[in-house]
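Reading through the structure tokens given below for one structure.
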2 protein chains.
Amino acid sequence: MSSMSSPTSRMPSGERRESILAAATAVFGARSYAGTTTDEVAKAAGVSQPYVVRMFGTKQKLFLDVVDRAVQLTLSAFRAQLEGPAETRIERMGGAYVGLLAERGLLQTLNNAFLLGGDPEIGPQCRRLFVDVLHFVRNEVGMDSEQAFAFLGNGMLINTLVGLRLGGDYDRDPDVKDLYDACLGGGVGAALTLAPRADEPW
Amino acid sequence: MSSMSSPTSRMPSGERRESILAAATAVFGARSYAGTTTDEVAKAAGVSQPYVVRMFGTKQKLFLDVVDRAVQLTLSAFRAQLEGPAETRIERMGGAYVGLLAERGLLQTLNNAFLLGGDPEIGPQCRRLFVDVLHFVRNEVGMDSEQAFAFLGNGMLINTLVGLRLGGDYDRDPDVKDLYDACLGGGVGAALTLAPRADEPW
DNA sequence: GTCTATACAAAGATAGAC
DNA sequence: GTCTATCTTTGTATAGAC
């Protein structure tokens, strides 16, 4: 077995790329875009810092790739719910959204991205991706304007609860409990299990 | 007239403090917590960088003061709508929320704060403040669990649209238009006028 | 109350070896 | 494909003058 430091065991570039993207999603989600260091991403992925930069060019490009992947994963999760009875479609999509919590940092990374509209390079891509999601729910899922509004608002509130790491207050504050229940319906249990706790790094 | 550089015209410490907090709100809202430099805050406030640090101790304390002020301003805006007919109260509160866009960066700063739940110092205070708002709408305004859920989700979606700076797409994309209309009701006009554009620094 | 000068640490990116 | 070493810039915070 090769020594742990120095050349981390070789890996096909596609797999390595995916594992760095997943690690970066966790770190960006917990620390924000600017608050993330390429070194922390590297450590989380088990590679060296210069290697991360070398593979993605710049931290900014890495972030853009992470955000794009996050949106594609989200759309895939939604698309998987298109088959099946239309009456419960939106509810199933909500469940799929909660399932995305299994991808550490994904929802929080999206919310972070959605705050960077003022950045000349990041802003335009984030707007495009958000509009992609909007077009998907309106045109492919067939939601009307009111449904899309409610669905997206629900999603953003879930992101907030997750980003705040408010789950620890669920059984300490009845108002918090009510909000979680209204927001997550049957998915509360999954959300509380999957979401990061206040004291976890991510 | 005293020269523009060197001792900026003296100002009572309370006023200076408030003007730095307002400037910092704009910068934090546009650049996130980690992405903000104390120097940029200083420039926006028209004072020197060391002076900002000296007045607030650390960048972190400055941020905590900014976030606290943002929540207090929000609660004040809501409280001002408590008098008047109960039937339209929630709607009026929504209007008051849009009015907060006049305070540059306030809504975006809040959303940024709500993503920092994993920070050992910032997280606990942000949870407390969010729960304060929740308690206010439930107990002082008297919203039921469903109303609070819808109201807060609506708010978070507004924050997202503002942070993304999606207003420029309002009359370019019918789906975006519908979303703005559903989300902001009669307040669309105000929102589009008050929110920062994609190319503005804040 | 406010500034200039500066010390010191952190982090992105590059060069080049294996 | 992956690492070590390092250059360079930036940014927080301190010291001390006015």
Side-chain angles (χ1 to χ4, degrees), chain A residues 1-24 27-28 30-66 112 116 119-122 201, chain B residues 1-24 27-28 30-66 112 116 119-122 201:
Chain A
M1 159 187 9
S2 62
S3 79
M4 178 56 216
S5 319
S6 298
T8 306
S9 51
R10 254 176 136 75
M11 196 182 279
S13 137
E15 266 174 59
R16 183 65 83 188
R17 188 188 157 80
E18 171 62 18
S19 78
I20 294 177
L21 286 172
V27 183
F28 280 128
R31 303 238 189 289
S32 87
Y33 170 59
T36 290
T37 68
T38 53
D39 190 55
E40 218 169 354
V41 171
K43 286 200 172 70
V47 296
S48 71
Q49 179 267 331
Y51 184 59
V52 171
V53 173
R54 183 168 266 255
M55 177 166 267
F56 293 90
T58 63
K59 173 178 152 178
Q60 187 179 72
K61 283 181 186 142
L62 168 62
F63 183 69
L64 290 174
D65 283 350
V66 164
N112 271 292
L116 297 177
D119 184 286
E121 280 106 44
I122 300 178
Chain B
M1 158 184 12
S2 61
S3 81
M4 177 56 215
S5 321
S6 296
T8 307
S9 52
R10 254 176 137 76
M11 197 184 277
S13 137
E15 267 173 59
R16 182 66 83 188
R17 188 187 156 81
E18 171 62 18
S19 77
I20 293 177
L21 286 172
V27 183
F28 279 129
R31 303 240 190 287
S32 87
Y33 170 59
T36 290
T37 68
T38 53
D39 191 55
E40 218 169 355
V41 171
K43 285 198 174 69
V47 296
S48 73
Q49 179 268 330
Y51 184 60
V52 171
V53 173
R54 182 170 266 249
M55 178 166 266
F56 293 91
T58 64
K59 172 178 151 177
Q60 187 180 72
K61 283 182 187 146
L62 168 61
F63 183 69
L64 291 174
D65 282 351
V66 163
N112 270 292
L116 297 176
D119 184 285
E121 280 106 42
I122 300 178

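Lettering follows sequence order; numbering is per chain, from 1.
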With side chains defined as the heavy atoms from C-beta onward, is the minimum distance between [X] and [Y] less than 4.5 Å?
X: B/Val53; Y: B/Thr58; value: no
X: B/Ser19; Y: B/Arg16; value: yes
X: A/Asn112; Y: A/Phe28; value: no

Along nucleotides 13-18 of chain D, 5' to 3', which nucleotides get a B, which get an S, and which get a -, given that the test is a protein heavy-atom distance under 4.0 Å?
-> BB-B--

Can you tell me if the side-chain N/O atoms of B/Arg16 get under 4.0 Å from OP1 or OP2 in C/dG1?
-> no

Distance test, side-chain N/O of B/Thr8 to OP1/OP2 of C/dT2, below 4.0 Å |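 Checking C/dT2 against B/Thr8, no side-chain N or O comes under 4.0 Å of OP1 or OP2.
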
Which pairs of donor and acceptor atoms, one on a side chain in residues 39-47 of chain B, lie under 3.5 Å apart (sequence neighbours left out)?
{"residue": "B/Asp39", "atom": "OD2", "partner": "B/Lys43", "partner atom": "NZ", "Å": "2.5"}
{"residue": "B/Glu40", "atom": "OE1", "partner": "B/Arg31", "partner atom": "NE", "Å": "3.0"}
{"residue": "B/Glu40", "atom": "OE2", "partner": "B/Arg31", "partner atom": "NE", "Å": "3.1"}
{"residue": "B/Glu40", "atom": "OE2", "partner": "B/Arg31", "partner atom": "NH2", "Å": "2.8"}

d([atom1], [X]; [atom2], [N]) in whole Å:
X: A/Asp39; N: D/dT6; atom1: CG; atom2: C1'; result: 14 Å
X: A/Phe56; N: D/dT2; atom1: CZ; atom2: C1'; result: 14 Å
X: A/Lys43; N: D/dC3; atom1: NZ; atom2: P; result: 12 Å

Listed by chain and number, what are the side-chain contact (heavy atoms from CB on, under 4.5 Å) partners of B/Arg54, not counting sequence neighbours?
->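 Scan of B/Arg54 (side-chain contact (heavy atoms from CB on, under 4.5 Å), adjacent residues dropped) gives none.
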
Remember a base hit wins even if backbone is also touched, and classify A/Met55 as base, sugar-phosphate or nothing at under 4.0 Å, heavy atoms.
-> nothing

Would you indicate what A/Thr37 reaches in the nucleic acid, counting non-hydrogen atoms under 4.0 angstrom: base, sugar-phosphate, or nothing?
-> sugar-phosphate

Within 45° of the axis and under 6.0 Å from the centre of the six-membered ring of A/Tyr33, does NZ or CZ of A/Lys59 qualify?
-> yes

Which residue lies toward the 5' end of DNA chain D, B/Ala34 or A/Ser48, if each is placed at its nearest nucleotide?
->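 Upstream on the strand: A/Ser48.
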
